Participant: 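Mind having a look at this structure? Questions to follow.
Computed from a prediction, not measured in an experiment: that's the story for all the values here. No hydrogens, no waters, no symmetry mates; every other heavy atom, side chains included, goes into these values.
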Amino acid sequence: MSKRVLITGGAGFIGSHLSERLLAEGNEVICVDNFFTGSRRNVEHLFDNPRFELMRHDVTFPLYVEVDQIYNLACPASPVHYQHDPVQTTKTSVMGAINMLGLAKRLRVPILQASTSEVYGDPAVHPQTEDYWGNVNPIGTRSCYDEGKRAAETLFFDYRRQHDLSIKVIRIFNTYGPRMHPNDGRVVSNFIVQALRGEPITIYGDGSQTRSFCFVDDLVDGMVRLMNTGHDVTGPINVGNPGEFTMLELANAVLEIVGSDSTIEHRPLPQDDPKQRQPNIDLARRELGWEPTVALRPGLERTVEYFRGALAAAGA
């Protein structure tokens, strides 16, 4: 049955792929974005679809629409962007959650919060399970994002306890794929853009720190599955690829795929940068019947192809 779905942050990297998926299933999509990190270019191929609507709006202000489901994705997610205006980042996470929860409460519709693996901070538990409370610096340069997302989770569960709202909380681990912002400072986009330009690959620290990389199509599938669960399934649920790679392994894979002779350049590790990041996805397997299907290399090949075209278009 077709639904009318609101996606905040819908013109962003993940939001644009989610919009495509929901439209392909026959739903109507209201895509809301203030275009701080999102872009009209990410969704312009959807403009001719009569079931797609794009709205410029900042979620720190209330929004009044009539919908059947809400996906709350609005928030800059890369350190470069969320540290640019840290106060606004916290406001987006907290006030945005309050406004979208208020809308969901008025409409009595399910709402999904795009949370993050950053709620675990620099983890003392590996791999990370949903019952781990995390190791987060509350006053560091990353805190606007990490603590903002943690506060948003608190709000979601308080609305559940106080108003019996149908909430879904997904903890997203490193996600990559086409339409990533070329200057977002994230490791996959950094390495690919640097390799394509023949610039040195910059690795922070000695390159032994690890991350787990989930292709965007897999993530979107997990989000949709979680949204469509029953009222009793709230999360939080980790969604990510448990394959773990060091930064050096990722850099070498990108160099091989691009065919680049870029050198590797080491720089100091940023404050509070996690040394390990790997999801335990047992809960996602059990509750959602979900696990990733795209391995790192084919996912990187598709992402490199996108950036090759994007950089060529920008140069032209």
Side-chain angles (χ1 to χ4, degrees), residues 5-25 27 29-46 52 54 59 69-82 89 92-93 96-97 100 111-119 145 148-149 152 168-189 192 211-228 235-241 277 279 281 284 288 290 292-294 299-300 302-303 306-307 310:
V5 184
L6 171 65
I7 306 175
T8 72
F13 158 50
I14 294 173
S16 64
H17 287 275
L18 178 60
S19 295
E20 283 180 341
R21 165 71 181 261
L22 294 174
L23 288 169
E25 292 178 349
N27 299 294
V29 171
I30 301 177
C31 170
V32 168
D33 209 295
N34 70 350
F35 302 114
F36 175 58
T37 56
S39 170
R40 289 174 60 88
R41 288 190 300 273
N42 287 339
V43 292
E44 62 184 3
H45 61 293
L46 304 175
F52 179 78
L54 178 63
V59 294
Q69 293 179 340
I70 302 170
Y71 288 82
N72 187 38
L73 277 60
C75 189
S78 75
V80 168
H81 292 141
Y82 66 63
T89 295
T92 300
S93 286
M100 290 305 110
I111 178 169
L112 181 144
Q113 167 67 6
S115 191
T116 172
S117 61
E118 298 304 324
V119 301
Y145 183 70
K149 289 290 190 177
K168 316 288 178 182
V169 176
I170 186 169
R171 288 179 177 163
I172 299 172
F173 283 68
N174 291 61
T175 302
Y176 70 100
R179 299 191 207 121
M180 292 184 80
H181 197 293
N183 300 315
D184 64 7
R186 296 193 223 190
V187 64
V188 172
S189 50
I192 291 175
R211 295 292 184 273
S212 303
F213 302 101
C214 184
F215 193 68
V216 64
D217 291 354
D218 283 334
L219 171 68
V220 165
D221 183 55
M223 297 177 85
V224 172
R225 286 173 185 248
L226 177 55
M227 175 60 89
N228 292 325
I237 293 183
N238 292 336
V239 172
N241 193 319
R277 183 70 82 228
I281 61 168
L288 310 180
W290 179 91
T293 60
V294 181
L300 285 176
R302 290 167 64 179
T303 310
Y306 164 77
F307 274 112

Participant: CZ/R40 to CZ/F35 distance, rounded to the nearest 0.5 angstrom?
Facilitator: 6.0 Å
Participant: List the residues meeting salt bridge (charged side-chain N to carboxylate O under 4.0 Å, His left out) with E44, not counting sequence neighbours, and say none if there are none.
Facilitator: none
Participant: Quick check: do P279 and S212 have side-chain heavy atoms less than 4.5 Å from each other?
Facilitator: yes
Participant: Between the main-chain N or O of T37 and the side-chain N or O of S39, is there a donor-acceptor pair closer than 3.5 Å?
Facilitator: no
Participant: Please identify which of these residues, I30, L22, I14, meets the side chain to side chain contact (heavy atoms under 4.5 Å, CB included) condition with I7.
Facilitator: L22
Participant: Identify the two heavy atoms, one from N42 and one from A11, that lie closest to each other, and give their separation to 0.1 Å.
Facilitator: ND2-O, 2.9 Å
Participant: Could you go through the side chain to side chain contact (heavy atoms under 4.5 Å, CB included) check for Q69 and N228 one step at a time?
Facilitator: CA-CA 10 Å; Q69 293 179 340; N228 292 325; 3.3 Å; yes
Participant: Identify the two heavy atoms, one from P292 and one from I281, that lie closest to each other, and give their separation to 0.1 Å.
Facilitator: CD-CD1, 3.8 Å
Participant: Show the nearest heavy-atom pair for residues V187 and F213, with the distance to one decimal.
Facilitator: CG1-CE2, 3.7 Å
Participant: Just how far is it from atom CE of M227 to atom OH of Y71, taken to the nearest 0.5 Å?
Facilitator: 4.5 Å
Participant: To the closest 0.5 Å, what do you measure between CG (L226) and CD (Q113)?
Facilitator: 11.5 Å
Participant: Contact between L6 and M100 at the side-chain level, heavy atoms closer than 4.5 Å - yes or no?
Facilitator: yes
Participant: Start with the C-alpha distance between R302 and D217, add both sets of side-chain angles, then the distance that settles side chain to side chain contact (heavy atoms under 4.5 Å, CB included), and finish with yes or no.
Facilitator: CA-CA 11 Å; R302 290 167 64 179; D217 291 354; 3.0 Å; yes
Participant: Which pair of heavy atoms, one from S19 and one from G10, lies closest together, and at what distance?
Facilitator: OG-O, 3.8 Å
Participant: Any salt bridge linking R21 with D221? Criterion: basic side-chain nitrogen under 4.0 Å from a carboxylate oxygen.
Facilitator: yes
Participant: Go through the steps for D218 and T293 under the test side-chain hydrogen bond (donor to acceptor under 3.5 Å, both in side chains), then give the verdict.
Facilitator: CA-CA 7 Å; D218 283 334; T293 60; 2.9 Å; yes
Participant: List the atom of L18, the atom of M223, and the distance in Å for their closest heavy-atom pair.
Facilitator: CD2-CE, 4.5 Å
Participant: Please check this pair: side chain of H17 against backbone of P178, looking for a donor-acceptor N/O pair closer than 3.5 Å.
Facilitator: yes
Participant: At what distance, to the nearest 0.5 angstrom, does CG of D33 lie from OG1 of T8?
Facilitator: 8.5 Å
Participant: Roughly how far, to the nearest 0.5 Å, is CD1 of I237 from CD1 of I170?
Facilitator: 7.5 Å
Participant: Over all heavy atoms of both residues, which pair between A74 and T92 is shortest? Give the atoms and the distance, please.
Facilitator: O-CG2, 3.4 Å
Participant: About how many Å separate NZ of K149 and CD of E118, when rounded to the nearest 0.5 Å?
Facilitator: 10.5 Å
Participant: Would T89 and C75 count as a side chain to side chain contact (heavy atoms under 4.5 Å, CB included) here? Give the steps.
Facilitator: CA-CA 7 Å; T89 295; C75 189; 4.1 Å; yes
Participant: Step by step, would you call M180 with V216 a side chain to side chain contact (heavy atoms under 4.5 Å, CB included)?
Facilitator: CA-CA 10 Å; M180 292 184 80; V216 64; over 6 Å; no
Participant: Only counting residues at least two apart or in another chain, list the ones meeting ring pair (Phe, Tyr, Trp, His ring centres under 6.0 Å) with Y176.
Facilitator: F215
